Amino acid sequence: MKLLAALFGRRARLRWLHLIIGGALLMPYFLVGTVLVGMAGGGEPVFSSVPAQLIAFGLALPMAAVTGFFALVRPLSVAAARALCGVPPALLADGPARTRQARVRTAGWYTLHLALGGIISGATLALPPFAVAVLALPFSAGLRETWLLDGPAALREPWALALAPFAGLAMLMALALAAAVAGEVLARRAPMLLGPTPEDRLAAAERRAADLAVRNRLARELHDSVGHALSAVTLQAGAARRVLDRDPEFVREALSAIEETTRRTVGELDSVLGLLRQDTEPDEEGAAYGPGLDALGGLLAQCGVPVAYEREGDPEDPGVVDPVVAREAYRIVQEGLSNALRHGGGDAASPVRLLIAVRERERELEIVMENPLGGRPAVARPGGGRGLRGIAERAVLLGGRTDAGPYDGGWRLTARLPLAMPGTGATGTADRAEGRR
C-alpha cells in the first residue's frame, strides 16, 4: 500500500502534473530545435528519427537555460514548486531573482524542470497507449493480427500472450516510478536552486526589521495614549475615593482631570488608529504620531502638578528642532511628569523643575527634569512611553542618550537629543532655518 501511495498518491499526482507542465514549457524550445535539426539535415523529417529528436531535445535545453536568467522566472517557478512539489514554503525564496547567483540557480532549476518534464511528458503521451495495447493482446484477436503477424514467432506463443498483461502493467508501473523519482529529484533540488540566497536573507531580515520598527513605534504610541491614560485615570479615581469625605474640592478637580484626560486621549488614539488604516509611512514631520513641543504649554497647565518651566533658545520653533525630535521630546516630558505624579509630591513648595535648552554648539536638545520624592497624592495626568525604558528607547532611536537617578534628595531625568533627525545631513534642520533667516 505504501508503494502504491508513493506512486499514485496525491503528492505523486501533483508532482506528475508539475512535470507535465515542465514538458509543456519545453515544447516551444523543442520545436525550434527540430527546425534547426531539419535545416542541418537537408530537410529530412525529424519526428520519424529518434536520434534527430534527441538532438533537438539537446538544443532546446540551452535555450531554456537562457530564459531562466530572467528575473520573473523565479517567482513563477517558486509558486509552482510550492503548490505542486510539496516543498515547505519557508525553504523557497520570495520575489524576483535580482542577483547573479540567484539567476544562475533559477536557470539551473528551470533547465532541470523542463528536461525532466520533457522526458516524463513524452513517456506519458507514448507509453500508456502502448502498455494498454500489450495488456489487451490476449483478449483481442484484431490486435494480435495487427501487431504480431509480422513479428517474431515467439511472441505468438501461448506463454507470451499469457505474460502480455503483466508486461503492460509493468510498463505502467515503470512510468509511475520514473515520474515519482523525477518528482522527488525536483523536490529535493528546489530548496537549493530556488531557496533564498544570502542577499535574499539579508533583504528579508531588513524588511522584517523595518516592519518590527513600525509596529514598535505604533505600540509605543498606543501605550502612550491609552495605557498611561488608563493608569492615570485609575490613580485619579483612587485619590478621589480616599479624600471623598474630607476634600470635596480635590474630588471635583480629580473628576475634571479624568474628563480632560479621556478627551485628549481619544484624540491621540484617533491619530494612531488612522496610521494603522494607512498603507504608507507617516510623513517626515511625524505629526500624525502626536503633539510636539509647541503643545507643551497645554500639557504643563493640565498635568496636575506644579511645574517650574525654563527654556533656553526656542525649542518650539520647527526650524530649530526637527519636528520628529520635538514629538519625541514631548513624549519624554510627558513620561517624566507621569513618573513625578506616581512617585513624587505635588505641593507648590517643591514643584517639578523642567529645563528645555537648545545647545547650538553641541547640536543637541537638552531636557532636564527634577522632582521631589514623596508627598501628598496629586491629581494624575496621562504620561507617555514605558517608564525609563521607553524614554531611553526613544532617545536611542534618534541617536541621543538619557540618564536618570537620585539627585539631591529628589529625582533627576536628563535626555539629550540631536536637533536634526539622523540621516537628514550634516547641517540638519537648524542650519536650514538659518538659511531662511
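Keep in mind that what you see is a predicted model, and the values were worked out from it rather than measured. In what follows, every heavy atom counts, from backbone to side chain, and hydrogens, waters and symmetry copies are set aside.
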Is there a side-chain contact between Leu296 and Ile356 in this structure, where contact means two heavy atoms from C-beta onward sitting under 4.5 Å apart?
yes
Sequence neighbours left out, what passes salt bridge (charged side-chain N to carboxylate O under 4.0 Å, His left out) with Arg98? Give chain and number order.
none
Regarding Thr197 and Glu199, is there a side-chain donor-to-acceptor distance under 3.5 Å anywhere?
yes
With side chain to side chain contact (heavy atoms under 4.5 Å, CB included) as the test, would you mind laying out the steps for Leu61 and Leu26 before giving the verdict?
CA-CA 8 Å; Leu61 295 181; Leu26 181 69; 4.2 Å; yes
If we only count heavy atoms from C-beta on, is the Pro291 to Arg331 side-chain gap below 4.5 Å?
yes
Quick one: closest heavy-atom pair of Ala190 and Leu92, and the distance?
O-CD2, 3.7 Å
Check whether any side-chain N or O of Arg416 sits under 3.5 Å from a backbone N or O of Glu366 as a donor-acceptor pair, and report yes or no.
no
Say whether, by atom type as modelled, one donor and one acceptor occur between the side chain of His18 and the main chain of Leu186 under 3.5 angstrom.
no
Taken to the nearest 0.5 Å, the spacing of Thr111 OG1 from Met63 CE works out to 11.5 Å
Supply the atom-to-atom distance Asp403 CG to Arg412 CZ, rounded to the nearest 0.5 angstrom.
9.0 Å
Quick check: do Phe69 and Thr106 have side-chain heavy atoms less than 4.5 Å from each other?
no
Let me know which of Ile391, Val307, Leu413, Leu354 forms a side-chain contact (heavy atoms from CB on, under 4.5 Å) with Val333.
Leu354
May I ask you to say whether Arg82 pairs ionically with Asp94, meaning some side-chain N is under 4.0 Å from a carboxylate O?
yes
Where Pro315 and Val321 come nearest, the two heavy atoms and their spacing:
O-CG2, 3.6 Å
What's the spacing between Arg189 CZ and Leu194 CG if we round to 0.5 Å?
12.5 Å
Report the C-alpha separation of Thr414 and Arg401 in whole Å, then their side-chain angles, then the decisive distance to 0.1 Å, and conclude whether the side chain to side chain contact (heavy atoms under 4.5 Å, CB included) test is met.
CA-CA 8 Å; Thr414 303; Arg401 59 196 185 279; over 6 Å; no
Does the side chain of Leu59 reach to within under 4.5 Å of the side chain of Thr34, using non-hydrogen atoms?
no
Look at atom CZ of Arg11 and say whether more than 12 heavy atoms of other residues, nucleotides or ligands are closer to it than 6.0 Å.
no
Just wondering, more than 12 heavy atoms not from Arg188 lying within 6.0 Å of its CZ?
no
Heavy-atom closest pair (Pro196 atom, Arg105 atom, distance to 0.1 Å) is O-NH1, 3.9 Å
Does a side-chain heavy-atom distance below 4.5 Å link Leu365 with Leu293?
yes
Between Tyr110 and Tyr29, what is the ring plane arrangement, given parallel below 30°, perpendicular above 60°, and tilted in between?
perpendicular
Distance-minimising heavy-atom pair for Ala187 and Pro191
O-CD, 3.3 Å
Looking at Arg311 and Ala357, would you say the former's side chain and the latter's main chain have a donor-acceptor pair under 3.5 Å?
no
For atom CZ of Phe166, decide whether the heavy atoms of other residues, nucleotides or ligands shown that lie under 6.0 angstrom number more than 12.
no
Taking C-beta and beyond as the side chain, do Leu177 and Met173 meet within less than 4.5 Å on heavy atoms?
no
What's the spacing between Leu114 CG and Ser121 OG if we round to 0.5 Å?
9.0 Å
Closest approach of Arg74 to Gly95 (non-hydrogen atoms, all atoms of both residues)
NE-O, 3.1 Å
About how many Å separate CZ of Arg201 and CZ of Arg208, when rounded to the nearest 0.5 Å?
10.5 Å
Glu360 versus Leu419: any side-chain heavy-atom pair under 4.5 Å?
yes
Is any side-chain heavy atom of Val352 closer than 4.5 Å to one of Tyr309?
no
Looking only at heavy atoms, which two atoms of Ile367 and Ala329 are closest? And how far apart?
CD1-CB, 3.6 Å
